[in-house]
Amino acid sequence: MAREKKERVKEASITPKITRKELKRQRVLIVWSIIFVIYGVIFCYLPLGGWLMAFQKYKPKTGLLHSKFIGLDKFKFLFADATFFRVFRNTIAMGTINMITTLIMAVLFAILLNEIRTSITKKVVQTISYLPHFLSWIIVTGILHDALSSTGIVNELLVNWHVVDTYIPFFSIEKYFWGIVAFANNWKETGWNAIVYLAAITSIDPCLYEAAAIDGAGRGDKIWFITLPSIKPTIMILTLINIGNVINAGFEIQYLLGNPTIVDVSETIDIYVLRWGISQMDYSLGTAAGIFKSLVSIILILIGNSVAKVLGEERLF
Amino acid sequence: MKLKKITALLLGTVLTASMLTGCNEKTDVKPDAPADQQEVETQTGDEGGEEVAPAAEEKKEYAEDEITDFTCFIGMPGSEINDGNEIQEIIAKKTGVRVKETWLTGQTAEEAVGTMIAAGEYPDFINGGDASVSLYEADALVAWDDYIEQYPNIKEMYSDAEWDMFRQEDGKIYWANVFTNSYGENRETGHNDEAFWIQCRVLEWAGYPKVETLDDYFDVLENFYAENPTFEGNPVIPYTILCEDWRYFCLENAPEFLDGYPNDGSVIVDVDNMKIVDYNTTPTAKMYFGKLNEEYNKGMIDKEFATQTYDEYIAKLSTGCVLGMCDQNWDFNYTITDVFAQQGYDKLGCSYVPLGLTAEPGMEQQWHSYGDTLNNSSGIAVTTACEDPDLAFKFLSDCLDQEIHDLRYWGVEGVDYLVDDDGMYYRTEEMRKQATDDQWKANHVCTYSYFPQWLGTSKDGKNAMQPSQQTSEFFATLPEPIVKCFEAYGAENYPDMIHSKVCETGIWYPMYSYSNAMTTDTPGGVAWTKMGETKHKWLPKVVMGNDFEASWSEYMDAYNACKPEDFLAEMQEELERRAATAE
């Protein structure tokens with residue numbers, strides 16, 4: 001009996017051989033994995049066939065199979081288009097700003113929240129702070145639009161406090177746009193993102209804090225020397241995942257808040273794809289831009305992962 | 001163990017289901033049968049409740065289960081009517097068809113139609129706006145040719161030559177524009193085109209001066225504004241400009257009119273030597289934007305104009321605080337007239353009158369185009385997704401049936417209008433008031449406004465097809481301050497007020513019907529798209545800039561980089577093609 005148990009433990013510690021018995025034992029797991037593999041194939045891999053469009057003069061009439069192949073023409077158009085580079089820059093810039101600010105805010109917020117001693121206050125604050133996550137962008141942008149309009153609360157306060165003489169047209173000044181987008185992202189997501197970090201903090205062994213307290217560490221020292229290093233792996237992994245998302249800087253918020261006067265800074269790749277791919281019915285060009293976006297995304301993840309490897313930190317693969 | 005398995009199973013199922021539903025969601029576009037059927041029944045009891053004589057097929061009443069529900073998408077923003085709308089139900093009983101109209105929301109027509117084409121899912125009827133050609137190219141539309149012959153109502157909409165203008169490359173007709181098409185005698189009393197509009201109280205205050213140029217126009221606005229900085233407690237905005245999406249014509253195309261040319265939309269046609277002229281680069285264009293820049297820096301122009309949406313613009317006009325703007329009548333006045341009537345602002349002289357300004361005083365101009373304008377670039381179409389195209393076309397024909405047409409535009413006799421002893425339709429003050437009420441319109445009125453329709457004179461030879469053109473209605477609904485303004489300028493109606501040159505437009509008119517349908521398949525189309533983008537971006541900047549000369553030359557550089565010559569060359573070709581077909 002005891003021996004059998006021991007063997008089992010041993011078996012579990014190394015990768016089990018694929019035997020019929022093993023397969024039978026894991027059949028539930030296998031069935032469920034297969035379902036997700038099928039899901040992945042159908043929704044992630046099959047659509048890749050549509051990439052063909054990028055190399056065709058695609059027309060809905062002739063379809064994917066009978067459209068004329070034109071090689072790399074669409075990519076040539078893309079890279080010759082000054083707008084595309086501006087759009088690419090905006091995407092990367094807004095993506096990076098969003099990633100860094102939301103990371104800092106979320107960690108900061110999680111730590112602060114963790115320092116609250118009364119659990120009711122803590123829960124109330126946490127609940128309120130993550131509620132905006134459930135609002136759709138159309139609502140958030142609506143609030144922003146009203147708040148920042150000429151008669152909105154922000155301008156009224158600024159004018160009444162004599163900070164400015166006349167109201168500021170926030171949405172027609174280029175330099176404010178990225179800031180507004182970053183602010184909106186943080187307002188919406190900070191509470192939500194903090195949940196993960198808060199969970200990581202809760203799992204820190206309390207002994208560490210007690211030991212530190214005996215050694216004379218203050219509150220700030222405990223945060224700096226225990227909390228932050230303990231959640232570092234979590235931060236690294238989430239950052240790595242997010243690096244791939246930098247290129248997904250957003251669509252809705254820029255689409256809804258942008259306007260022609262500041263299009264130079266507001267347009268992202270996704271909006272570009274919509275405008276050329278859908279509005280101008282140039283599906284091929286839209287696909288080409290989408291492929292380029294995916295490539296950049298993969299490259300970013302690879303770079304992030306190797307950096308993590310060099311630094312000896314947690315990494316994805 | 002067992003429990004764990006079950007939980008895992010359950011969790012897994014829920015997870016998979018929740019992941020899949022995201023992609024499976026398909027909203028059923030067919031509307032359900034209206035819930036308040038009974039109410040409608042009682043309302044319409046006296047209208048169509050006569051016994052159905054077996055011989056009189058036209059009088060046949062369709063039962064609820066015989067009524068076919070169609071869907072229709074219109075590439076324009078609009079307001080949906082309520083399910084169970086009373087007149088919609090009456091029309092459904094008489095024609096056997098009920099159409100659920102959906103409108104553009106928060107997108108451009110190209111985006112909405114592009115998405116439909118990409119997904120291959122269409123409504124039964126569609127008005128694709130500028131994206132109509134794309135629908136044709138995607139094989140999404142049903143050809144009209146056989147049905148035009150089958151239904152005289154449809155056939156008589158246009159002459160053979162006019163129908164020919166709708167033909168696509170394959171020689172067939174796929175849609176028909178339903179607007180500005182008059183039956184019988186033309187009854188035009190309104191100016192449904194573009195103009196510089198001004199509240200008539202401003203003109204009254206100034207003693208009805210002669211306003212001929214931009215300078216005159218802004219002088220009047222400035223003087224009035226100096227003495228009347230507020231209206232009903234809100235700050236007055238002397239001039240605003242709408243430049244959202246395709247509606248930026250309010251900002252960009254005034255130069256063609258100021259030079260005295262008609263609304264060819266995208267270009268000027270120089271009739272003397274049949275040449276296409278680009279109005280974006282004329283001296284008048286520079287003068288016009290220079291003037292706007294000057295007025296902007298004087299604080300006369302709405303600081304928020306560049307970022308306002310159409311809804312915000314309409315909301316601003318609705319307060320009665322905006323003294324003037326350049327716009328098409330149809331773009332704002334249907335809404336604003338109703339709002340002013342509800343608020344009583346029309347009595348205070350807030351209603352707008354059009355002015356036909358020119359670059360130099362005393363020039364002739366064509367802000368108003370007399371007669372019908374045929375825009376062949378878009379219209380109502382039946383899609384291949386429609387399961388019963390025969391019925392769809394029958395409905396299009398029924399829409400033009402006088403009885404149905406009266407229901408759509410005049411309403412129900414006794415409720416919406418009365419008939420006097422001479423057979424003339426008229427409305428009481430109360431009926432007029434209720435006709436401007438949004439709630440009433442959603443529950444009761446159903447104009448199917450993007451379906452085939454007539455202007456001009458009714459088939460009874462007396463009344464107007466639509467109330468707005470009924471002479472008695474026109475004068476009865478005209479607010480007192482407007483009447484006084486007309487008198488002061490010796491005008492009888494809006495076209496008199498704008499006083500355009502009366503002339504026939506050329507066979508090529510309007511050229512925008514070609515540029516609207518351009519795609520990025522041709523260099524000209526690419527140039528046209530890029531020019532639009534550049535103008536969208538630069539024109540507000542030019543108006544808001546501190547140094548006009550510098551920003552203008554920067555704009556011109558950006559504009560010329562779009563290769564406008566490619567676009568102009570294709571327009572020239574089309575002009576020559578159209579001119580040749582006339583001979």
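Residue numbers begin at 1 in each chain, while the letters A, B, ... track the order of the sequences.
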Could you have a look at B:Asp245, B:Val526, B:Asp139 and say which one has the most heavy-atom pairs with chain A under 4.5 angstrom?
B:Asp139
Which heavy atom of B:Glu110 sits nearest to which heavy atom of A:Ser279, and what is that distance?
CB-O, 3.2 Å
Is it the case that more than 12 heavy atoms not belonging to A:Tyr45 sit under 6.0 Å from its OH atom?
no
With a 4.5 angstrom heavy-atom cut-off, could you sort out which part of A:Thr166 is near chain B: side chain, backbone, both or neither?
neither
Side chain to side chain contact (heavy atoms under 4.5 Å, CB included) assessment of A:Val263 paired with B:His536:
CA-CA 9 Å; A:Val263 71; B:His536 262 295; over 6 Å; no
At their closest point, which heavy atom of A:Thr261 faces which heavy atom of B:Met544, and how far apart are they?
CG2-CE, 3.8 Å
For chain B, which candidate among A:Ser150, A:Ala82, A:Gly258, A:Gly277 shows the most heavy-atom pairs at distances under 4.5 Å?
A:Ser150
Any chance CD1 of A:Ile153 has more than 12 other-residue heavy atoms, nucleotides or ligands included, within less than 6.0 Å?
no
Using a 6.0 Å cut-off, check whether atom NZ of B:Lys172 has over 12 heavy atoms from anything other than its own residue.
no
Interface moiety of B:Lys535 toward chain A, non-hydrogen atoms closer than 4.5 Å:
neither
For the residue pair A:Ile278 and B:Thr115, what are the closest heavy atoms and their distance?
CG2-N, 3.5 Å
Pair B:Asp521 + A:Lys59: basic N to acidic O under 4.0 Å:
yes
So for atom NZ, which belongs to B:Lys537, do other residues, nucleotides or ligands contribute more than 12 heavy atoms lying within a distance under 6.0 Å?
yes
Residue A:Phe171 versus chain B: region with a heavy atom under 4.5 Å
both
Minimum heavy-atom distance between A:Tyr167 and B:Glu304, given as atom pair plus value
OH-N, 4.2 Å
Which residues in residues 305-320 of chain B have a heavy atom less than 4.5 Å from any heavy atom of chain A?
B:Ala306, B:Thr307, B:Glu312
Measuring heavy-atom distances to chain B, does A:Glu267 have an atom under 4.5 Å in its side chain, in its backbone, in both, or in neither?
neither
Using a 4.5 Å heavy-atom cutoff, which residues in residues 250-257 of chain A come close to chain B?
A:Tyr255
Pick from A:Asp282, A:Asp264, A:Ile262: which one has the most heavy-atom pairs with chain B under 4.5 Å?
A:Asp264
Greatest number of heavy atom pairs closer than 4.5 Å to chain A - which of B:Pro540, B:Gly525, B:Ala118:
B:Ala118
Over 12 foreign heavy atoms within 6.0 Å of CG, A:Asp165:
no
